[in-house]
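In listed order, ligands and their atoms are each counted from 1. All of these numbers come straight from a predicted model, not from anything done at the bench.
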Amino acid sequence: PRKIILDCDPGHDDAIAMLLAHGSSEIDLLAVTTVAGNQTLAKVTRNALGVAAVAGMRGVTIAAGCDRPFVRPFIGAAQIHGESGLGGVELPDPAGLPEAGIGLDPRHGVDVIIETVMAHEVGEITLVPIGPLTNIAMAARKEPRIVERVREVVLMGGGVHKGNRTPTAEFNILADPESAHVVFDAGWPVTMVGLDLTHQALATEEVCARIGEIGGPVAELVLAGVSSYGAAYRETGRFDHPPLHDPCAVAYVVDRAVMTTRRAPVSVELTGTHTLGMTVADLRDEAPADCRTQVALELDVDRFWDLVVEALAALGDG
Ligand code: BDR
Ligand code: CA
């Protein structure tokens, strides 16, 4: 299995990404680090711990990282994920977590990323960031040697042809564009799993029915989350079913065949009046030989849901 660090801001789709990573036999989830994004750091960290408890994620390091973007003020996404960051989901009482073997590592999330990468062989660790890129950029700046050691970065963020928080920018990139710039520019291999791809991962009634058949607390948590997340997405008037963005990045680590990708240089817009946070991918020509970034384009939808359902079912069995 591939060893990964999941850097996240749960968040409904983040929570499902955690479950996919933990439940997949192709992934060894070493650590979950949290970052201010969909909600404040305190809230997303509490959510990460709660999800970990429901899924019995003993042995996975959980650590809190940066509590705000590198340069800009925190924006959050309460309108999609609720005031708690996991609206509509009831999580276990934090007081009971130690008994469940779930606790917060005392280290800063950025140090957990650095120490984990440095403690493993070159090419062993894959970083999977599915929130604003603050922790990953900080880690690369604090310990630049991680850039050579990381196998690859598979991130959810950006989009070649679309934005969501603005017409041109996706939330994770807009929330901290300077950190995104650092990550795209570092020189490690980056796969951008952006909105072009994730808007194909729609949690339809059929998908929810399959998850419902699994039963048990994990499936229940997912369905409660998707119901509230789906309602928020419907309110936007743009979606009948909510896109599960973040699990797509994890799915690519599980199985490369789940999506098509294309190599392309990607730049992050840091100064645009109307385009701040846009990921500008140059698709005009074939990418230059030294290009180490690629963008995800087409999802094998059936394969994706099979992966998700299989992982959730594995967790259902305990
Ligand atoms: C991204 O933004 C967040 O709200 C989601 O968790 C996902 O990571 C989608 O734009
Ligand atoms: Ca997220």
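- Heavy atoms of Ile80 found under 4.0 angstrom from ligand 1: none, in either backbone or side chain.
- Within ligand 1, the atoms closer than 4.0 Å to a non-hydrogen atom of Asp13 are 5 (C), 6 (O), 7 (C), 8 (O), numbered from 1 in the order shown.
- Side chain to side chain, Thr198 and Gln200 fail the donor-acceptor criterion of an N or O pair below 3.5 Å.
- If you check which protein heavy atom lies closest to atom 3 (C) of ligand 1, you get Asn38 OD1, 3.1 Å.
- To the nearest 10 degrees, the Ca ion (ligand 2) sees OD2 of Asp14 and OD2 of Asp246 at an angle of 70°.
- In this structure the side chain of Gln39 never reaches within 4.5 angstrom of the side chain of Asp9, judged on heavy atoms.
- At a threshold of 3.0 Å, the Ca ion (ligand 2) has no backbone or side-chain N, O or S atom of Asp13 nearer than that distance.
- The single protein non-hydrogen atom nearest to atom 1 (C) of ligand 1 is Glu170 OE2, 3.2 Å, given as residue, atom name and distance.
- Not close to ligand 1: Arg165, with no non-hydrogen atom less than 4.0 angstrom away.
- Put simply, the side chain of Arg151 does not reach to within 4.5 Å of the side chain of Pro189, judged on heavy atoms.
- Annotation: side chain of Trp305 is in contact with side chain of Leu244 (closest heavy-atom distance under 4.5 Å).
- Proximity of a side-chain donor or acceptor of Arg292 to a complementary backbone N or O of Gly187 within less than 3.5 Å is detected.
- Counting protein heavy atoms only, atom 8 (O) of ligand 1 is closest to Asp246 OD1, 2.6 Å.
- A side-chain contact (heavy atoms from CB on, under 4.5 Å) with Glu170 holds for exactly one of Thr166, Thr168, Ile173; it is Ile173.
- Using modelled atom types, one side-chain atom of Arg58 and one backbone atom of Ala100 make a donor-acceptor pair closer than 3.5 Å.
- Heavy-atom contacts of Asp14 reach the following atoms of ligand 1: 6 (O) (cutoff under 4.0 Å).
- From Asp176, atom CG reaches atom CG of Asn135 across 9.5 Å, with rounding to the nearest 0.5 Å.
- Of all the N, O or S atoms in Asp9, the one closest to the Ca ion (ligand 2) is OD1.
- Atoms of ligand 1 lying under 4.0 Å from at least one heavy atom of His81, given by number and element, are 3 (C), 4 (O), 5 (C), 6 (O).
- The closest side-chain donor-acceptor pair between His161 and Asp196 falls under 3.5 angstrom.
- Residue-to-ligand polar distances place Ile130 within reach of ligand 1: an N/O pair is separated by less than 3.5 Å.
- At a cut-off of 3.0 Å, Ala17 is not counted among the residues with an N, O or S atom near the Ca ion (ligand 2).
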